[in-house]
**Student:** 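Can you keep this structure in mind? I'll have questions shortly.
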Amino acid sequence: MEWLSHPVGDDAQTPRTYHNNFQDPEAFLAAGGSRGRQLHVLCEGTYFINRLFATVEFIKKTIIPVGFVGVVVSYTGRKGADLSGKEYSHGELVESGCRGVWRDALMPGKYAFNTYAGKIELVPTTNFVLMWKSGESGSKFDANLREITLITKDAFEPQLPLSVVVHIDYRKAPMVVQRFGNVAQLVEQTLDPMVSSYFKNVSQTKTFIELIQSRSELQTNASNDMRERFQAYSLEFQEVLIGTPKPQAGDTKIENIMAQLRDRQIAREQVETFAQKQIAADKERELNEAEQRAAKQKELTGSLVDISIKENQGSANVKAAEKKRQEVEALAQGEKFKQEMEGAGRASAIRSVGEAEAAAIHAKSEAMQGEGADKQLMQTVMLRLAEAFETAKMPLVPQIQMGGGDSNAFTTLLSLMGSLKAGELAQSLKTKE
């Protein structure tokens, strides 16, 4: 190892030994400067250096970009005390200017660092992705990572692609460098074996179909388990993203299983589609019925009104018929009562007439006795004779008189009426009848 002389003569308060950035060789020698490469560096500017005294080598400044910190590993300097603590057993962390890994990292910026005196390891402080997938890379640290080959419970050997999001605390960056050297070695020598072993152990407890169907559950469990493991390496685990297991080159069995799963899912979707179509058809039928009902609403309303009117008219007719029936019954009862009353009156009248006739007959019977009887008899005979002459159409006085007498039938009748007594004449008429 090439030795670097310790800086001397850099105190401007001491003019005798201050060499003013190697521009005064005598002051440098008076300060005890040594020959060889110097630890002190010259920053940008104009210097008057005696080329017989020293030469200058141009080296670019070290740039620490944003999102990174620089962990200094110094090869020179005094021996410093260990600042890592008793719990950290993976090396020593020293203060700045001492030999070893500096406890305080360099923040983003441009530094005039003597690359002969040490090196600066860049450590990312933003989240970076490690991808276990061939041909793809999430950062420069996963170039050698590949899919994890699993062995499932049912003896399938799929390859599992996944991605892990990691974060390193800038205050713990020196510990990571002290323990693993750099981030690339951390990924390849520690994280890759740890992650691969974890998923291989999990896959042996599941069938291939279960591994596919429980991907979300597997991802959640892996996040919880791996977070604790990453903390042991001074890392902050953010998230794990599991891809779809795929077959190895030339393996068709897994593809057959995937095809069966797709066909099964298509069958389920078809059943659901048919059910939805049936629901849509029912809804369409209900819509059509509603539209037709709305179109015929006026007619339906009119028919309902007509039905109500007819029902009201029917009720009115029924009530009218009932009223008519009651009237008819009342009239019938009144007629019956009238007839009964008329019958009773007629009987009374007949009885009265009978009584009157009986009284008349009785009066006639009394009149038929004595002079009244004679007069009645004469009246009756006269009426009978008048009726007889009228019927026979014979003249009362004959046109041709018979010789030997001057009497006729009329005179004879009158004589007979005069000679007969009333009782004999009545007896004679009775006998003729």
Side-chain angles (χ1 to χ4, degrees), residues 64-73 83-93 101-108 120-134 136-150 159-206 211 214-245:
I64 300 176
V66 176
F68 289 83
V69 293
V71 178
V72 179
V73 180
L83 304 177
S84 61
K86 295 181 180 180
E87 297 179 356
Y88 188 78
S89 59
H90 300 283
E92 294 182 355
L93 298 177
V101 179
W102 292 1
R103 182 189 60 180
D104 298 326
L106 301 179
M107 295 295 105
I120 297 177
E121 291 289 343
L122 296 180
V123 178
T125 56
T126 58
N127 293 349
F128 61 93
V129 181
L130 303 176
M131 299 182 65
W132 277 261
K133 191 172 183 179
S134 301
E136 297 186 16
S137 177
S139 62
K140 64 179 182 179
F141 307 114
D142 57 359
N144 297 326
L145 299 181
R146 299 292 183 270
E147 291 88 353
I148 302 175
T149 302
L150 307 178
Q159 292 183 339
L160 180 66
L162 58 89
S163 301
V164 176
V165 182
V166 184
H167 174 256
I168 299 177
D169 188 349
Y170 77 96
R171 291 165 294 188
K172 296 181 179 179
M175 295 183 180
V176 174
V177 173
Q178 175 66 36
R179 185 171 183 176
F180 301 101
N182 51 53
V183 179
Q185 293 181 3
L186 164 67
V187 173
E188 295 178 3
Q189 298 177 8
T190 303
L191 297 185
D192 183 22
M194 181 186 68
V195 174
S196 299
S197 176
Y198 175 83
F199 284 99
K200 286 182 179 181
N201 294 337
V202 172
S203 65
Q204 292 180 353
T205 62
K206 298 180 179 294
L211 186 64
S214 61
R215 187 179 67 88
S216 177
E217 179 183 358
L218 177 61
Q219 182 170 299
T220 302
N221 295 336
S223 298
N224 297 331
D225 296 340
M226 295 175 66
R227 183 170 288 106
E228 297 180 359
R229 299 189 181 187
F230 273 58
Q231 288 179 354
Y233 300 108
S234 302
L235 303 175
E236 294 182 4
F237 175 86
Q238 300 296 317
E239 190 176 5
V240 60
L241 305 174
I242 301 175
T244 302

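Positions are given from 1, in the same order as the sequence printed here.
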**Student:** Can you check side-chain contact (heavy atoms from CB on, under 4.5 Å) on V123 and V176, steps first, answer last?
**Tutor:** CA-CA 9 Å; V123 178; V176 174; 5.5 Å; no
**Student:** When you compare the side chain of N221 with that of Y198, does any pair of heavy atoms fall below 4.5 Å?
**Tutor:**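 A side-chain contact under 4.5 Å exists here.
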**Student:** Donor-acceptor check, side chain of H167 to backbone of T125, threshold 3.5 angstrom: yes or no?
**Tutor:**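 Yes; at least one donor-acceptor contact below 3.5 Å.
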**Student:** Can you tell me how far CZ of R179 sits from NZ of K172, rounded to the nearest 0.5 angstrom?
**Tutor:**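 The distance works out to 11.5 Å.
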**Student:** List the residues meeting ring-ring contact (aromatic ring centres under 6.0 Å, His included) with F199, not counting sequence neighbours, and say none if there are none.
**Tutor:**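 Partners of F199 under the ring-ring contact (aromatic ring centres under 6.0 Å, His included) test: none.
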**Student:** So which heavy atom on S84 is nearest to which on E92, and how close?
**Tutor:**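 For S84 and E92, the tightest heavy-atom pair comes out as OG-CA, 4.4 Å.
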**Student:** Would a distance-only check, ignoring hydrogens and angles, find a side-chain to backbone donor-acceptor pair under 3.5 Å from Q238 to V165?
**Tutor:**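 Checked: no pair found.
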**Student:** With rounding to the nearest 0.5 Å, note down the distance linking OG1 in T244 to CG in L211.
**Tutor:**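 Rounded to the nearest 0.5 Å, the OG1-CG separation comes out at 10.0 Å.
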**Student:** Within the side chain of S196, is there an N or O that forms a donor-acceptor pair under 3.5 Å with the backbone of P193?
**Tutor:**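 Not confirmed, S196 side chain does not pair with P193 backbone.
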**Student:** Measure the spacing between CD1 of I242 and OG1 of T220 and express it to the nearest 0.5 Å.
**Tutor:**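 I242 atom CD1 to T220 atom OG1 measures 8.5 Å (nearest 0.5 Å).
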**Student:** For the backbone of K200 and the side chain of S203, can you confirm whether one donor and one acceptor N or O come within less than 3.5 Å of each other?
**Tutor:**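 Yes, S203 side chain to K200 backbone: donor-acceptor pair under 3.5 Å.
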**Student:** Look at the side chain of S223 and the backbone N and O of E239, then say whether any donor-acceptor pair between them is shorter than 3.5 Å.
**Tutor:**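 Judged by distance alone, no pair lies under 3.5 Å.
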**Student:** Within a strict 4.5 Å, meaning less than it, do heavy atoms of the V164 and F230 side chains meet?
**Tutor:**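 In short, these two side chains touch, coming nearer than 4.5 Å.
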**Student:** So which heavy atom on L93 is nearest to which on P174, and how close?
**Tutor:**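 For L93 and P174, the tightest heavy-atom pair comes out as CD2-O, 4.0 Å.
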**Student:** List the atom of P108, the atom of G67, and the distance in Å for their closest heavy-atom pair.
**Tutor:**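 The pair with the smallest heavy-atom distance is CG-N, 4.5 Å.
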**Student:** Which atoms form the tightest heavy-atom contact between D142 and M131, and what is the distance?
**Tutor:**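 Looking at all heavy atoms of both residues, the closest pair is OD2-N, 2.9 Å.
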**Student:** Using the six-membered ring wherever Trp is involved, compare the ring planes of Y233 and F180 and label them parallel, tilted or perpendicular (cut-offs 30° and 60°).
**Tutor:**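 Taking F180 first and then Y233, their aromatic rings sit tilted (interplane angle of 30° to 60°).
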**Student:** How far does CZ of R229 sit from CG of L235, to the nearest 0.5 angstrom?
**Tutor:**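 Between atom CZ of R229 and atom CG of L235 there are 14.0 Å.
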**Student:** Could you work out, with salt bridge (charged side-chain N to carboxylate O under 4.0 Å, His left out) as the rule, every residue matching E147, not counting sequence neighbours?
**Tutor:**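 Residues passing salt bridge (charged side-chain N to carboxylate O under 4.0 Å, His left out) with E147: K246.
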**Student:** Starting at CG of L218, measure out to CG of L162 and round the result to the nearest 0.5 Å.
**Tutor:**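 The CG atom of L218 sits 9.5 Å away from the CG atom of L162.
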**Student:** Which residues pass the salt bridge (charged side-chain N to carboxylate O under 4.0 Å, His left out) test with R171, sequence neighbours left out?
**Tutor:**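 Salt bridge (charged side-chain N to carboxylate O under 4.0 Å, His left out) check on R171 returns D169.
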**Student:** What heavy-atom pair brings A173 and V69 nearest, and what distance separates the two atoms?
**Tutor:**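 Where A173 meets V69 most closely, the heavy atoms are CB-CG2, 3.7 Å.
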**Student:** Would I168 and V183 count as a side-chain contact (heavy atoms from CB on, under 4.5 Å) if you check the C-alpha gap in whole Å, the side-chain angles of each, and the deciding distance to 0.1 Å?
**Tutor:** CA-CA 10 Å; I168 299 177; V183 179; 4.2 Å; yes
**Student:** Might you point out which heavy atoms bring Q219 and L241 nearest each other, and give the distance in Å?
**Tutor:**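 That closest heavy-atom pairing would be OE1-CA, 3.8 Å.
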**Student:** Going from CG on L130 to CG on L191, what distance comes out if it is rounded to the nearest 0.5 angstrom?
**Tutor:**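 Separation between the atoms: 6.5 Å.
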**Student:** Does D192 reach the side chain of W132, with side-chain heavy atoms less than 4.5 Å apart?
**Tutor:**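 Yes; the side chains approach each other to less than 4.5 Å.
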